[in-house]
Amino acid sequence: MTDISARQASPALAPTAGGGRRLKLVVVLGALSAFGPLSLDMYLPAFPALASDLGVQDADVQLTLTACLLGLALGQLVAGPLSDSRGRRTPLLIGLGCYAAASLACAFAPNIEVLTGLRLVQGMAGAAGIVISRAVVRDLYDGTEAARFFSLLMLVNGLAPILAPVLGSQLLRFADWRAVFAVLAAIGALLLATAVPALPESLPPERRNRGGLGRTVRSFGGLLGDRRFMGYALSAGSAFAAMFAYISGSSFVLQQVYGLDAQQFSLVFGGNALGLVLLGQVNARLLRSRAPGVMLRAGLAVSAVGGAGLLVAVVAGPGLWAVCGSLLLVVAAVGLIMPNSTALALSGRDNAGTASALLGLLQFALGGLAAPLAGLGGSGSALPMAVVIAAFSGAAVLVHALVLPRTSPA
């Protein structure tokens, strides 16, 4: 696969643009694709305090995480196809504005029910940045080059899970959990102000989908029946779900089971995210000599080893370091899995927004399923989280092995 012709896209976004423009593109698209970790990770250190303040159970707080995950999934079904028919820029800007407004409303939520509903809206709005940033990359790159570019984006969006819980824990030293959502609103407004001048349209009118709702439905049907696409989407989605079980459960497990305070938890969480960023950059370098499919299989294997190790560590009880080491493998492996699976799933597709939407839907739907499962045992046990992570990371390897070898050499 080769890059599309530069004249097919906006000159400001052409693949042949100079280093300054390429850097700007990496920063802007990386920030847009960071809405997921920003929305999910920044308030993780506040989970215990939020539960106490609103007088609810831990599982009720975790439902706010699930609501945001489902919003991120469902919103992509709207924003992705819309960007195929209307262009990338307008749906993106609308989504950014709605995200800022919904985040601000979360800061004033009077109870857990309202907060959960607003988190759903916040996720749906933030989905525009995630799905459209992937589609823009597909507008400009394909195959190995797309995988390398997705890896570069992790230099930016990988900082979100590192910085978000640290920022959240620091905010909690001076304010309550509501301040976290006020900061998210400010971030959304800042990204909107940045994207207006910095991100020109990448999908010219002649390449847009003019078939309306009927064509969109047919596109989704075709993707669901595409064994190759579904193999990449489901294997990556399962690994993604394992990570979200960690996101949902780690705050309670590491703080209430293993005794870390909010500051220590944020450091562990940030260290795991740093591992993800570093493996993403290793991936970009290794793609110069290795195929994306090879790197994807390596990432799935690392994730499965981490999941199995975590389960053994929790059951056998060797201690905090064994648990943290296993979690590091599960999270860092995403740096190999996501760039390659995304590039392979979108490779050669004209309906990049729709394909990106279904890819994101499956990832966040599986993540939304895994998140509450990790908390079924309450805050006093690490076993539910370990079982869910081990199951989903193992399922990722199994799906890849059963579905893809007969349909793709990757």
Side-chain angles (χ1 to χ4, degrees), residues 36-37 40-41 69 147 150-151 154 157-158 161 230-250 253 268-269 271-284 286-287 290-315 322-345 359-360 362-371 373-374 382 384-405 410:
L40 298 169
D41 298 348
L69 280 170
F150 281 122
S151 294
M154 288 191 170
N157 65 35
M230 292 302 294
Y232 291 126
L234 289 175
S235 59
S238 296
F240 198 72
M243 186 179 73
F244 271 99
Y246 153 76
I247 289 174
S248 174
S250 62
V253 167
V268 171
F269 197 91
N272 290 339
L274 180 60
L276 186 156
V277 173
L278 293 177
L279 268 192
Q281 303 321 299
V282 169
N283 180 68
L286 291 179
L287 284 171
R290 292 168 175 81
V294 173
M295 301 308 301
L296 172 59
R297 287 192 291 272
L300 293 173
V302 171
S303 177
V305 169
L310 175 64
L311 186 58
V312 171
V314 169
V315 172
V323 169
C324 289
S326 298
L327 289 173
L328 175 61
L329 292 179
V330 171
V331 177
V334 176
L336 298 176
I337 294 168
M338 298 313 297
N340 296 298
S341 63
T342 302
L344 290 166
L359 189 66
L362 292 171
Q363 290 171 359
F364 283 105
L366 288 171
L369 173 64
L373 292 177
M385 184 187 75
V387 169
V388 173
I389 289 176
F392 275 104
S393 59
V397 174
L398 185 62
V399 168
H400 188 281
L402 292 178
V403 176
L404 286 169

- Item | Non-hydrogen atoms of G271 and L328 that approach each other most closely | O-CD1, 4.1 Å
- Query: What is the minimum heavy-atom distance between A236 and Q363, and which atoms define it?
  - Reply: CB-NE2, 4.5 Å
- Atom pair CG (N272) and SG (C324), whose distance is rounded to the nearest 0.5 Å: 7.0 Å
- Message: Tell me every residue that passes side chain to side chain donor-acceptor pair (under 3.5 Å) with S238, counting only those two or more places apart in sequence or in another chain.
- Response: none
- Partners meeting ring pair (Phe, Tyr, Trp, His ring centres under 6.0 Å) with Y246 (sequence neighbours left out): F269
Please list every donor-acceptor pair under 3.5 Å in which a side-chain atom of residues 385-398 meets a protein atom from a residue at least two apart or in another chain.
| from | atom 1 | to | atom 2 | distance (Å) |
| --- | --- | --- | --- | --- |
| S393 | OG | I389 | O | 2.8 |
| S393 | OG | A390 | O | 3.2 |

- Could you grab the distance from atom CG of L402 to atom CG of L234, nearest 0.5 Å is fine? 11.5 Å
- Item | Side chain S303, main chain G299, donor-acceptor under 3.5 Å | no
- Message: According to side chain to side chain contact (heavy atoms under 4.5 Å, CB included), who are the partners of V305, at least two apart in sequence or on a separate chain?
- Response: L329
- Query: Of the non-hydrogen atoms in G280 and S151, which two are nearest, and what is the gap between them?
  - Reply: O-CB, 3.2 Å
- Expected output: side-chain S235 to main-chain H400 donor-acceptor under 3.5 Å: no
- Closest approach of L362 and M230, non-hydrogen atoms and distance? CD1-CE, 3.9 Å
- Task: Using side chain to side chain contact (heavy atoms under 4.5 Å, CB included) as the criterion, list what pairs up with T342, not counting sequence neighbours.
- Result: R134, F150, M338, L346, L359
- Considering all heavy atoms, the nearest A370-A241 contact: CB-O, 3.4 Å
- Heavy-atom nearest pair, V330 first then G307, reads CG2-N, 3.5 Å
- For the side-chain contact (heavy atoms from CB on, under 4.5 Å) test, which of I337, L336, V331 pairs with L279? L336
- Item | Spacing of N340 atom CG and N283 atom CG [to the nearest 0.5 Å] | 4.0 Å
